[in-house]
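Since we're looking at a predicted model, the values are computed, not measured. Every chain is numbered from 1 and lettered A, B, ... according to where its sequence line falls, protein lines coming before strand lines. What you see below is based on every heavy atom in this structure, not just the backbone, and it leaves out hydrogens, waters and symmetry mates.
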2 protein chains.
Amino acid sequence: MTREEVAVICKAMSDANRLRIIEMLTQGEKCGCHLLEELQVTQPTLSHHMKVLSDCGLVSSYKDGKWQHYSINCEKFKEYKAYIAAITCCGNR
Amino acid sequence: MTREEVAVICKAMSDANRLRIIEMLTQGEKCGCHLLEELQVTQPTLSHHMKVLSDCGLVSSYKDGKWQHYSINCEKFKEYKAYIAAITCCGNR
DNA sequence: CAGTCATATAGATGGTTGTCAATATATATG
DNA sequence: CATATATATTGACAACCATCTATATGACTG
């Protein structure tokens, strides 16, 4: 994963609502309507956030009838975590 | 560390130049003029980036004569890394 | 088919960001 | 003191962002 890519993912995670969404998806796949119940934003705003998270590859989704189901793209997220973890400081990892 | 605080740090790391700066500081303390040599930005732009990194607590600095020396604030950075590492996905940590 | 529900898109708006040129400040040096 | 060096501040500008309202799309349901 390149530095540019990491910067893009960091930007996606630089909004508290989106960070919360990622943490919610930690518990497993969720549909948009469920996420919407928990967040204090309108539906179009949620749709925008999900697009940002999807565009950077952090979140995957599929459509099931009228529901859109979202989940963390584990491979991508693990790559990101590995990059961050590898930035050493004070001799610690 | 709160989610809000993590979001702020993510925002600070969401610029490729700043991410590069952090990686450079990994090798140890550096003065502004040294950082400036490696980056394709003007001095005021570097000064701005260092302020962003300092304001969120990720970078510490002290003045030594005319030089400003910067280094990673290890405690803060480790807190951030721990928060990110704790976001589970696919049952992996 | 008409209505309802989940989601996406369009367009607007106020705020933020990265960047630069110009300038100021502070420190060292001859 | 005059000059050079390192850094910070100011002000401007174009681009981007989070959010909203309004509207469209698409899918199920009676």
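A side chain to side chain contact (heavy atoms under 4.5 Å, CB included) with A:M13 holds for exactly one of A:I22, A:V8, A:I21; it is A:I22.
Computed from coordinates, the B:K11 NZ to C:dT17 C1' distance equals 9 Å when rounded to whole Å. Residue A:D55 contributes atom CG, which lies 14 Å from atom P of D:dC16 at whole-angstrom precision. Distance B:L53 CG to D:dT7 P: 15 Å, rounded to the nearest Å. If you take NZ of B:K30 and P of D:dA6, they are 16 Å apart, rounded to a whole angstrom. Nucleotide C:dT7 holds its P atom 10 Å from the CD atom of A:E37, rounded to whole Å. At whole-Å resolution of the value, CG in A:L39 and P in C:dT7 are 13 Å apart. Between the NE2 atom of A:H69 and the C1' atom of D:dA27 there is a distance of 13 Å, rounded to whole Å. Separating the CD1 atom of A:I21 from the C1' atom of D:dA18 is a distance of 12 Å, rounded to the nearest angstrom.
Nearest-nucleotide positions on DNA chain D place B:W67 closer to the 5' end than the other of B:W67 and A:H49. When each of B:V41 and A:T45 is assigned the nucleotide of DNA chain C bearing its nearest heavy atom, the one mapping closer to the 5' terminus is A:T45.
Among the heavy atoms of the strands lying under 4.0 Å from B:H48 is at least one base atom, whether or not backbone atoms are also near.
Minimum atom distance to the side chain of B:S47 is reached by D:dT9, of the listed D:dT9, C:dT7, D:dC20. Comparing atom distances between the A:K63 side chain and each of D:dA27, D:dA8, D:dT21 picks out D:dA27 as nearest. Which of D:dT7, C:dA8, C:dG18 sits closest to the side chain of B:C31 comes down to D:dT7. Checked against D:dT7, D:dT19, D:dA27, the side chain of A:N17 finds its nearest nucleotide in D:dT19. In the set C:dT9, C:dA21, C:dA6, the nucleotide with an atom closest to the side chain of A:K66 is C:dA6. Set against D:dG26, D:dA8, C:dA8, the side chain of B:Y70 has D:dA8 as its closest nucleotide. Taking every side-chain heavy atom of A:P44 into account, C:dT9 is the closest of C:dG18, C:dT9, D:dA6.
Contact annotation: side chain of B:Q43 to base of D:dA6, donor-acceptor pair absent below 3.5 Å.
One side chain, B:Y62 or B:E29, offers a donor N or O that lies under 3.5 Å from an acceptor on the other.
Using a cutoff of 4.0 Å between basic side-chain nitrogens and carboxylate oxygens, A:E23 and A:R20 are not scored as salt-bridged. One finds a salt bridge joining B:K76 and B:E5 here, because a Lys/Arg side-chain nitrogen approaches an Asp/Glu carboxylate oxygen to under 4.0 Å.
Looking only at side-chain heavy atoms (C-beta outward), A:M50 and A:L35 come within less than 4.5 Å of each other.
Here A:T42 does not reach the OP1 or OP2 of D:dT19: none of its side-chain N or O atoms lies under 4.0 Å away.
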